[in-house]
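Heads up: the structure comes next, in structure tokens.
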2 protein chains.
Amino acid sequence: MLTPEQLARLDQAFNPRGVAVIGATTEQHRVGFSVLESLLVGGFEGEIYPIHPRHETILGKRVYPSLAQVGRPVDLAIVALNERATIDILDELGRYDVKAAVCVAGGYSEIGEGGEELQQALADAAARNRVLLVGPNTLGVINARVGLNATFWPERLQTGGEVSVITQSGGVGQMVICKAQEEGLELNKWIGAGNRAVLDFDGLLQYLAEDPTTSVIAAFIEGTDRARSFVELAAEVSREKPVVVMKAGRTAQSQAAALTHTGSMAGSYKVYQDVFAQFRLLSVPNVDSLVSACKALALAPLPRGGGIGMLTPSAGPSILLVDALAELGDSIPPFSQKTLDRIADHFKNVPVVLKNPLDAAAAGYATEGYLALADAILDDPGIHLLVTINLDHKNRRFPAQELVALSRQHAKPIVALFIGHGERVLAYREACQAGGIPFYGSVEEAAWGIHSLVHQGARHLAEGAG
Amino acid sequence: MLTPEQLARLDQAFNPRGVAVIGATTEQHRVGFSVLESLLVGGFEGEIYPIHPRHETILGKRVYPSLAQVGRPVDLAIVALNERATIDILDELGRYDVKAAVCVAGGYSEIGEGGEELQQALADAAARNRVLLVGPNTLGVINARVGLNATFWPERLQTGGEVSVITQSGGVGQMVICKAQEEGLELNKWIGAGNRAVLDFDGLLQYLAEDPTTSVIAAFIEGTDRARSFVELAAEVSREKPVVVMKAGRTAQSQAAALTHTGSMAGSYKVYQDVFAQFRLLSVPNVDSLVSACKALALAPLPRGGGIGMLTPSAGPSILLVDALAELGDSIPPFSQKTLDRIADHFKNVPVVLKNPLDAAAAGYATEGYLALADAILDDPGIHLLVTINLDHKNRRFPAQELVALSRQHAKPIVALFIGHGERVLAYREACQAGGIPFYGSVEEAAWGIHSLVHQGARHLAEGAG
């Protein structure tokens, strides 16, 4: 666990006045070049100091021969040196009060013998110099809110989100970023934990828990010797901010592969899942469900119960969604008699089966009818969340704004499963998501969004009642 | 089963000289309008005859008061009338030798009592008039190769694919179309089977099996009383053309929902899966896996064994992929000593763990090194399929063309898992897929693509050896 002072220093590093790139280089294929380029491409507006003994400028930036020549505050250093030089530089970072260092080099505990000792030396050097160390063997860190892309992946990210990510694997973390961008979900902070020589899952989680701009936390874990302390903290944090956990290593085959990656045993997947369940942590199986869960939790209000109502103009997709929800343990209760009467009254002589999910068939395509049925379902006291299923059609406008208004009026979440593709659909998605309606294109992703809301809603209810 | 004459007539209907829209209307919110619009938007180049007793033109097309006034061949009629008028029109369709009718109306067996009898009357009228009937209660049919969009979903589809689709649900079928478009997979024929009053899964499958432009068949089934005949035929067809089956109704909850949809019991999911396994049919759990499987089978050559080699610059994604493959029963065997020696020789003094999956780390980012390692793995006699994992990076070109050449040179399939987003990635995907390398953005989808190739490859080997 981190002290209040360490937390404050880490926050300075994520919102740095100046960032040094130790080992910046002109060689385009090297990490030291990509790190500097990432800072520039990412749109960081603080000071950037490339450090290299001989170069004069790189990518138009003045290069400094060493930190000593910078003469201005450096709160974060990205160290793109080899595994031994990375250890050696820490004394210098300490001397100039650099708050945190992102160490990208590999060749530590993940390679086994020899690497373990190097990693210990690295951790000792960091402690001696009061430098909070991210990694080693990490892609880096991101704070999208200030345009800080401190990785060797030069991409400009969307800004302004409330979802922050801790990932043991840079590659998996990149999958999370790509999926989030595809889904119109903006991220906030992203931390590649790597080998966790100093900053481990618990400290990083503690930081995000106290970060006022983060409201949902996603964590990808391959394995750790200190799972229990992380899980206990995550359970505590989840009372206020949901923590969604994805654990790798479901099979013996992948556990063998993980051992040689970040230097940690994957452990028994079953044991992890049991502990997650015991602490009521939301555990997801893959990147798509992780992003789907975070999206729902970041955008929608929590339901005050587990009753899911479903309205669709086509039965097939609703059948698939019922399957997916039932497998996650969620329920589609019958509507109340009053609701059934209202629905029957709406359809009058149209042959329709009165049940939940409600297949409104062709009658459900007309906007007014669709909204009247949505209103009737939201009015049902046994329904706490409405799922609207829609099929894109060029002659029928999807009533995104009206659904947003209905959700607010009833103070119940709505989740949209929308089948379509192309520009028109993106506009619908934007209108929904800006209004608190998470919008999905796949059955499984919608199910994870719904399940996450029901899960977190139940936590809140249980704790409010306790 | 269909007679050769019926199959020939059905093929005429899918490649029609003229299409009649019975019940075309000027009212934009009605199905009779959308059907006509779909034919126009879809780019169909044959003759289109809107039929309505009073209108003169709709959407710029001359309207005919009845089929009698058309006076030219009509091979396909789309009937957008109510459930009783649909039955009545069949005598007229028979009189003018219309080969097939797509009947969109609902209100038949799916509504239970009363509906069953109407459906029988519809089937009788079709038989009496030698009209092959698709539906009722269907979205329609598509033949993308001739721009024939005979549905009430006015979209222009990509053309030229080899994957054809039979779907019991129009909505789920639309999800398949949307996902295929997202994945750069072009479809060929798409058939909404609906209530299957006349044309059932087996007849439709028989037609696609004999269709020379179809090389992969996808089938979505909610439930059928005649599962066994379909499965036996599908197993037979799969000797030459893979048939990928998606079955709804995994849970009791969804089986209740399906009963009131297309008028068929969903049956026990477990029984279906056992029969699929007995006949070695490839069964997938959802739309994404259905499209992923079809994409691999349509694009890549079949492997001559089940040995999967994996090359990655980042361990995390490969660990997830190993998990996903292991759960599908696929294996990642060790490399041969010769292969390990070649890899060790390549890396020389770089610390790397010599195993499958091969994590080439930073050394794997350089194009030449990556290709040398891919070549070494493809040379291994125990490896029959190579998976390349890559992370998009603006300063590193993904060697799509070179991988296509390697796949051809070794006569072994390559599957690409690529993490990235945006225009650059779409260009890589196009280059890969045009060259026979299925390209995926998600671990689970890549796993289904790989698994499908291994599954179908094993079928071919077993039958070649028998």
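Below, each value reflects all heavy atoms present in this structure, side chains not excepted, and no hydrogens, waters or symmetry copies. Residue numbering restarts at 1 for every chain, and letters A, B, ... go by the order of the sequence lines.
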Contact check, side chains of [X] and [Y], non-hydrogen atoms, under 4.5 Å:
X: B:V287; Y: A:S442; result: no
X: B:V172; Y: A:L320; result: yes
X: A:T251; Y: B:E327; result: yes
X: B:I332; Y: A:Q253; result: no

| said: Pair A:M175, B:L391 - check side chain to side chain contact (heavy atoms under 4.5 Å, CB included), show working. | reply: CA-CA 9 Å; A:M175 300 179 92; B:L391 304 164; 5.7 Å; no
Minimum heavy-atom separation for [X] and [Y], please, with both atom names.
X: B:V322; Y: A:S254; answer: CG1-N, 3.6 Å
X: B:F152; Y: A:H393; answer: O-NE2, 2.9 Å
X: B:G316; Y: A:S169; answer: CA-OG, 3.3 Å
X: B:I419; Y: A:C178; answer: CG2-SG, 4.1 Å
X: A:R250; Y: B:D323; answer: N-OD2, 2.9 Å

What distance do [X] atom [atom1] and [Y] atom [atom2] have between them, rounded to the nearest 0.5 Å?
X: B:N395; Y: A:F33; atom1: CG; atom2: CZ; answer: 5.5 Å
X: B:S34; Y: A:R396; atom1: OG; atom2: CZ; answer: 5.5 Å
X: B:N286; Y: A:E445; atom1: CG; atom2: CD; answer: 10.0 Å

| message | Counting heavy-atom pairs under 4.5 Å with chain A, which one of B:S331, B:G441, B:A326 comes out on top? | response | B:A326
| field | Among B:H29, B:E155, B:K394, residue most engaged with chain A (heavy-atom pairs, under 4.5 Å) | value | B:K394
[X] versus chain A, heavy atoms under 4.5 Å apart: side chain, backbone, both or neither?
X: B:N356; result: neither
X: B:M310; result: neither
X: B:Q28; result: both

| query | Any chance CD of A:E27 has more than 12 other-residue heavy atoms, nucleotides or ligands included, within less than 6.0 Å? | reply | yes
| message | Just checking B:R424: does its CZ atom have more than 12 heavy atoms from other residues, nucleotides or ligands closer to it than 6.0 angstrom? | response | yes
| query | Between A:D392, A:V41, A:L325, A:T167, which shows the greatest number of heavy-atom pairs under 4.5 Å with chain B? | reply | A:D392
| For residues B:H421 and A:Q181, is any side-chain donor paired with an opposing acceptor at under 3.5 Å? | yes
